[in-house]
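Every heavy atom of this structure was used, including side-chain atoms; hydrogens, water molecules and symmetry mates were not. Each chain gets a letter, A, B and so on, in the order the sequences are listed, and its residues count up from 1.
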Number of protein chains: 2
Amino acid sequence: MNMDAIFKVLSNPVRVQILNWLKNPETHFPPMLHLPEEESGKGYVCVGVIHEKTGITQSTVSHYLNLMKQAELLSCKRIGQWTYYRRNEETIKKTAYYISNSL
Amino acid sequence: MNMDAIFKVLSNPVRVQILNWLKNPETHFPPMLHLPEEESGKGYVCVGVIHEKTGITQSTVSHYLNLMKQAELLSCKRIGQWTYYRRNEETIKKTAYYISNSL
DNA sequence: TGACAATATCGATATAATGCGATATTTAGA
DNA sequence: TCTAAATATCGCATTATATCGATATTGTCA
């Protein structure tokens, strides 16, 4: 766990917002029509719809998602021409735990 | 609670370290000889000893402590020519709570 | 294979954070 | 009131982050 990287991610409000939206993808994003059956319901959302919702450029969103992935706050899966990201609850839980106990 | 400011503070390892040291001041710092009786045991540590322990310059330490105070992760009290800082457990608790519940 | 859609990467520039040395401020005490 | 100690602030150079537009890459399908 790279706490530094995690806190850097969290020090930007748009990134925190994305993390929040991904908590309830169904309520914040349209259905992922191209996602195969066996991956649905796992919280995966493709880059494009995140991009549209944020209002910032595609390149910046892509960069953000990559930062969040490197901090292991998100994981991703490429399927066809889409890259789907979802929350990594494990890391989020551990971060809260770290603050509660080790800070 | 300005979460942005809090996470910015936490994204620097020296500042996190300071926060940690202040968790157990007795084990990490010498006794505060000039601190009046009624303030002892409250976790107050003066800037000078924090400065010595970090190994970075006095001006940088002072700046860091101020950032941490503005984020309400620390509070401080000036007594005589010394400024004593201590943890603000309330904010730290709320930060953990925020991550657990709102992130 | 050629065109297109989705995403990632590159290069550039503006803004912010890091961390220093020098100086100012505040307070205590002779 | 002069001096010294503790801390805060200022100005600066360096490095990191934010964010964009342009381009490259990857994958789909006619």
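For the OP1/OP2 pair of dT7(C) and a distance below 4.0 Å, the side-chain nitrogens and oxygens of Asn66(A) include no atom meeting the criterion.
The nucleotide whose nearest atom lies closest to any side-chain atom of Thr57(B) is, among dT7(C), dG21(C), dT18(C), dG21(C). Of the candidate nucleotides dT18(C), dA8(C), dA8(D), dA8(C) has the atom nearest to the side chain of Ser62(A). Here the side chain of Lys8(B) is nearest to one of dA17(C), dT26(D), dT7(D), namely dA17(C). Comparing dT18(C), dA8(C), dT7(D) by their nearest atom to the side chain of Val47(B) picks out dT7(D). Taking only side-chain atoms of Thr60(A), from C-beta outward, the nucleotide of dC20(D), dT26(D), dT7(D) with the closest atom is dC20(D). Listed candidates were dT19(D), dT9(C), dA8(C). Nearest to the side chain of Thr83(A) is dA8(C). The side chain of Ser59(B) approaches dC10(D) more closely than any other nucleotide in the set dC10(D), dG21(D), dT7(C).
Proximity of residues 16-31 of chain B to DNA chain C (heavy atom under 4.0 angstrom from any strand atom) is not detected for any residue.
Atoms CG and CD, on Leu73(A) and Glu90(A) in that order, are 12.0 Å from each other to the nearest 0.5 Å.
Tyr85(A) comes within 4.0 angstrom of the backbone, heavy atoms only, and of no base. Nucleic acid contact class of His63(A) (heavy atoms, under 4.0 Å, all strands): base.
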Every protein N/O within reach of nucleotides 28-30 of chain C N/O, cut-off under 3.5 Å:
none

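Using modelled atom types, one finds no donor on one side chain facing an acceptor on the other under 3.5 Å when comparing Ser62(A) with Ser59(A).
Results of the side chain to side chain contact (heavy atoms under 4.5 Å, CB included) test with Glu39(B) over Met32(B), Arg86(B), Lys77(B) single out Lys77(B) as the only residue that passes.
A donor-acceptor contact under 3.5 Å links the side chain of Gln58(A) to the base of dA8(C).
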